[in-house]
Amino acid sequence: MFLAARREVEAAVEGALDALDLPTDDLGIEEPPEDVDAVLASSVAFRLAGEVGAAPPEVAADIAAEIDPADYDYVGDVTTQGPYLNFLPSDAYFAATLEAAQDDEYGRLDPKGASVAVEHTSANPTGPVHVGRARNPIIGDALANVLDFAGYDVDRHYYVNDAGRQMAVFTWAYETFDEAELPEPERDRAEYDMVRYYRRGNTFLDEAPESEVEAAEAEIQSIMQGLEAGDEATYERVSEVVDTVLGGMQECLARLPAEFDEFVKETRFMRNGATDDLVERLQDLDEAVYEEDAWQLELDDHGIDKNLVFLRSDGTSLYATRDLAHHEWKFENYDRAVTVLGEDHKLQAQQVRTTLDLLGHDTDPLDQVLYSYVNLPEGKMSTREGTGIDLDDLLDEAIDRAREEVEDRLEDRLRNDDLDEDDVERIAHQVGIGAVRYDIVSKQPAKAITFEWDRALDFEAQSAPYVQYVHARACGILGEAREAGHEVPEVADFDADALDTPEARRLLATIARFPAVIEDAADDHHPHVVATYTREFAEAFNAFYRECPVLDADTETRDARLALVAAARHTVGNALRVLGVAAPESM
RNA sequence: GGGCGUGUGGCCUAGUGGACAGGGCGAGAGGUUCCUAACCUCUCGAUCCCGGGUUCGAAUCCCGGCACGCCCGCCA
């Protein structure tokens with residue numbers, strides 16, 4: 001209802017300004033501070049004071065006088081508070097919100113009729129996913145959820161770098177070294193098993209005698225050339241390594257959970273001729289130069305100092321070349337494309353955008369979302385070096401700590417609902433993994449994070465369990481009500497007017513904003529605003545919970561409050577779902 | 001050296017032109033015969049990195065610094 005109310009307020013202010021013969025280019029619509037009862041406000045009087053030749057409060061009063069609330073469904077009253085115009089919600093605003101939120105899909109926006117490919121994670125299949133990269137699947141998955149909920153037709157893509165030098169090194173190492181000379185794997189899963197070859201191979205290339213390194217390099221070169229030439233046998237050899245490692249990584253990511261609709265391999269764009277075709281078109285560009293036997297693009301005139309090499313002197317393509325072909329494919333198949341990238345890829349992101357533009361594409365549908373790396377207090381994480389914390393270890397630790405927490409709380413638990421061992425395990429998973437996700441998704445991606453165990457796994461504070469608890473409490477009330485024979489009434493059988501306490505009103509007003517939060521998050525690609533919202537929501541719900549008993553209220557109030565709790569449950573449940581955090585029915 | 005980004009109480013964080021900068025951690029004091037105390041209430045704590053500027057109004061925009069992060073490969 002908030003979105004509808006905002007449209008009404010915009011129309012009201014614009015109409016009033018028109019009537020007063022004032023400019024309508026900036027309506028100054030904003031959300032008032034929490035202690036103001038209005039749902040929306042306008043500060044337009046400040047700007048018009050000079051033009052009108054009157055003090056802002058007078059201007060505000062004049063504008064307010066031009067607006068008749070009776071013309072609008074959701075505007076109950078227009079008041080002024082000094083220079084501000086305040087728009088108070090009508091009873092119909094609350095009634096319509098309560099009714100709309102009975103839908104368990106409440107917050108989902110109308111289908112936009114547009115497809116979007118969300119590419120995220122896309123980590124090279126070289127070994128276990130570590131925490132340094134963990135922001136990518138968590139932000140990416142939440143962003144995909146947000147866009148889905150906002151009405152887009154979303155496909156989740158993992159772009160697989162299966163054609164680069166790294167994979168050639170990996171394939172050579174896998175075929176060369178004997179398992180007997182490798183250390184025990186850290187975990188019994190494919191990528192932990194395989195990464196040992198990769199690390200061994202890199203160590204060899206760094207440390208072995210020159211002649212042996214040369215021989216190895218020759219083999220690595222032949223693998224790369226084979227891929228470039230479309231040689232089926234080479235492709236099979238590399239694929240075995242890639243698919244094995246990727247299979248393990250998928251298992252890790254699924255724990256978050258982050259799952260994908262498609263794994264798009266870059267070799268696909270070599271094998272189908274798209275890369276060759278692209279290279280020809282790049283060579284025809286005015287910016288193309290042939291220097292030191294390599295084809296490059298001079299992008300100085302477009303604000304990028306560094307040349308983009310797109311064809312090596314040995315005739316092979318580079319990651320960047322294939323990624324351009326990949327983006328053209330996205331443009332052909334989707335209305336929009338979102339890519340979640342680490343900030344270390346920022347320059348490449350600019351190059352991709354600029355080059356696509358030079359090739360004649362409209363790059364407006366491409367959105368590149370950048371996030372800063374997660375570092376350890378002692379420095380960077382690296383798969384090749386084997387430094388860093390594996391995401392699996394973080395999740396295991398999170399679950400272990402959550403389990404301890406659940407068991408500690410079991411003893412002085414007020415509610416006697418007899419949680420069994422399965423419940424404890426379920427809650428430990430929901431809370432532990434939820435806490436990790438929430439901690440990461442709730443922060444602005446641009447800010448750098450230094451990983452610290454205690455901070456990442458704090459179950460109090462502004463954390464997942466704080467919000468999950470609200471969901472569990474709402475479910476608790478609904479469950480108790482059902483046992484007492486009180487189902488949530490049908491829409492025709494409750495009356496929002498019975499929600500007359502400030503806490504109930506505030507909760508309902510908070511529920512009303514949810515669709516607008518989804519819209520903002522989707523428009524700005526900012527999933528973290530959903531997390532911010534869940535915290536505000538939790539505060540509103542807890543105040544209601546404290547002040548407004550549901551089961552003991554008189555029938556009319558009870559029915560309205562039951563409907564409100566159901567609405568709250570749908571809202572917070574869907575907000576958590578969008579964030580990718582489990583919504584426990586009990587905890 | 002150049003480019004990009006970030007800088008908010010002791011620590012973490014929301015807020016990117018408008019109503020006294022909102023939370024959390026921490027410290028201290030309270031609250032459970034009542035739908036889950038992973039909760040709530042109150043108190044303490046801020047030169048919004050620094051200096052200029054624009055504006056009726058700046059944490060927010062502009063200019064100049066400083067600090068930190070990232071990037072500047074015929075790697076990905």
Side-chain angles (χ1 to χ4, degrees), chain A residues 28 30 32-36 41-47 49-50 55-56 81-84 86 122-124 126 161 163-167 169 266 291-296 303-307 309-314 316 318-320 323 342-348 350 370 372-373 375 402 405-406 408-409 412-417 427 431 439 442-444 446-450 452 455 458-470 472-481 484 528-529 531-532 535-536 538-539 542-543 545-553 561 565 586-587:
Chain A
E30 57 194 63
E34 232 178 278
D35 55 340
V36 175
S42 171
S43 59
V44 72
F46 279 114
R47 277 178 289 288
Q81 192 170 332
Y84 294 95
N86 285 329
S122 300
N124 295 344
T126 51
N161 309 150
R165 184 183 148 81
Q166 283 185 337
M167 294 326 298
V169 169
E266 59 175 334
E291 278 174 13
E292 298 173 44
D293 298 332
W295 279 94
Q296 327 192 0
I304 299 172
D305 291 338
K306 190 191 143 207
N307 275 12
V309 177
F310 62 88
L311 202 61
R312 291 190 182 95
S313 51
D314 64 2
T316 57
L318 292 90
Y319 172 83
D323 197 28
E343 62 173 341
D344 50 329
H345 290 249
K346 194 165 184 173
L347 177 61
Q348 291 88 308
Q350 286 171 352
L370 295 148
S372 295
Y373 230 55
N375 285 319
E405 200 75 24
V406 179
D408 282 355
R409 289 165 194 270
D412 43 27
R413 188 179 168 85
L414 284 175
R415 187 180 174 86
N416 58 356
D417 51 1
I427 296 166
V431 166
D439 181 60
S442 62
K443 287 171 181 149
Q444 281 198 46
K447 298 200 177 191
I449 295 180
T450 301
E452 289 166 54
R455 194 173 294 150
D458 185 354
F459 297 138
E460 287 170 4
Q462 309 170 330
S463 63
Y466 175 70
V467 180
Q468 290 173 315
Y469 190 55
V470 164
R473 272 182 154 178
C475 292
I477 293 173
L478 296 172
E480 298 263 324
H528 79 272
V529 303
T532 304
R535 206 193 63 228
E536 291 166 12
E539 278 171 32
N542 284 326
Y545 185 89
R546 184 180 71 244
E547 300 295 336
C548 306
V550 176
L551 303 178
D552 293 342
R561 287 180 178 172
V565 173
S586 69
M587 63 186 276

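Values below: every heavy atom of this structure, side chains too, minus hydrogens, waters and symmetry copies.
- When rounded to the nearest whole Å, the span between CD of A/Glu34 and C1' of B/A19 equals 14 Å.
- The shortest non-hydrogen separation linking A/Tyr84 to A/Ser43 is CE2-CB, 3.9 Å.
- Summarising the geometry of A/Glu547 relative to A/Pro549, their closest heavy-atom pair is O-CD, 3.4 Å, with the distance given to 0.1 Å.
- Not one N or O on the side chain of A/Ser313 forms a donor-acceptor pair closer than 3.5 Å with the backbone of A/Ala294.
- Distance from the side chain of A/Glu480 is smallest for B/C35 among the nucleotides B/C39, B/C35, B/A38.
- The listed nucleotides are B/G7, B/C39, B/G15; the one nearest the side chain of A/Gln444 is B/G15.
- Atoms CZ (A/Arg47) and C1' (B/G18) sit 8 Å apart, rounded to a whole Å.
- Here the side chains of A/Glu291 and A/Asn307 are in contact, with some heavy-atom distance below 4.5 Å.
- Spacing between atom CD of A/Glu547 and atom C1' of B/U41 amounts to 10 Å, rounded to whole angstrom units.
- With B/A38, B/C20, B/A19 as the candidates, the nucleotide lying closest to the side chain of A/Asp35 is B/C20.
- Look at A/Phe459 and the base of B/A38; the rings do not stack under the cut-offs of 5.5 Å between centres and 30° between planes.
- Judged by distance alone, the side chain of A/Arg312 and the main-chain N or O of A/Leu318 form no donor-acceptor pair under 3.5 Å.
- The side chain of A/Lys447 places no N or O atom within less than 4.0 Å of a non-bridging phosphate oxygen (OP1 or OP2) of B/C12.
- No N or O donor and acceptor, one from the side chain of A/Asp408 and one from the base of B/A38, sit under 3.5 Å apart.
- With rounding to whole Å, A/Asp305 atom CG is found 12 Å from B/G2 atom P.
- Nearest approach of A/Gly342 to A/Leu370, heavy atoms of both residues: O-CD2, 3.6 Å.
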Each nucleotide of nucleotides 66-76 of chain B classed B (base within 4.0 Å of a protein heavy atom), S (only sugar-phosphate) or -, in 5' to 3' order, makes ---BSSS-BSB

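- Among the nucleotides B/C56, B/G22, B/G15, the one closest to the side chain of A/Val529 is B/G15.
- Distance check: A/Asn161 CG to A/Ser122 OG gives 7.0 Å after rounding to the nearest 0.5 Å.
- No contact: A/Phe310 has no heavy atom under 4.0 Å from any strand.
- With its ring centre under 5.5 Å from that of the base six-membered ring and a plane angle below 30°, A/Tyr84 counts as stacked on B/A19.
- Computed from coordinates, the A/Leu370 CG to B/G3 C1' distance equals 14 Å when rounded to whole Å.
- One atom, CG of A/Asp439, and another, P of B/G24, lie 17 Å apart when rounded to the nearest Å.
- Comparing atom distances between the A/Asp552 side chain and each of B/C35, B/A14, B/C34 picks out B/C34 as nearest.
- Applying the 4.0 Å criterion to OP1 and OP2 of B/G3, one finds that A/Gln350 has every side-chain N and O outside that range.
- Atom CZ in A/Arg409 sits about 19 Å away from atom P in B/U32, given to the nearest Å.
- Using P as the reference atom, B/U47 and B/C11 are 11 Å apart when rounded to the nearest Å.
- Straight-line distance between the P atoms of B/A59 and B/G17: roughly 13 Å, to the nearest whole Å.
- Distances were taken from every side-chain heavy atom of A/Ala446 (C-beta onward) to each of B/G24, B/U41, B/U6; the shortest belongs to B/U6.
- Taken from NZ in A/Lys443 to CD in A/Gln462, the straight-line distance is 9.0 Å, to the nearest 0.5 Å.
- Here B/C40 is the nucleotide among B/A38, B/A19, B/C40 with the atom lying nearest to any side-chain atom of A/Arg546.
- Between A/Asp458 atom CG and B/U13 atom C1' the separation is 13 Å, expressed in whole Å.
- B/C35 and B/G18 have their C1' atoms separated by 42 Å, given to the nearest Å.
- In this structure, the side chains of A/Tyr545 and A/Val470 stay at 4.5 Å or more apart for every pair of heavy atoms.
- Among the nucleotides B/U6, B/G2, B/C35, the one closest to the side chain of A/Tyr545 is B/C35.
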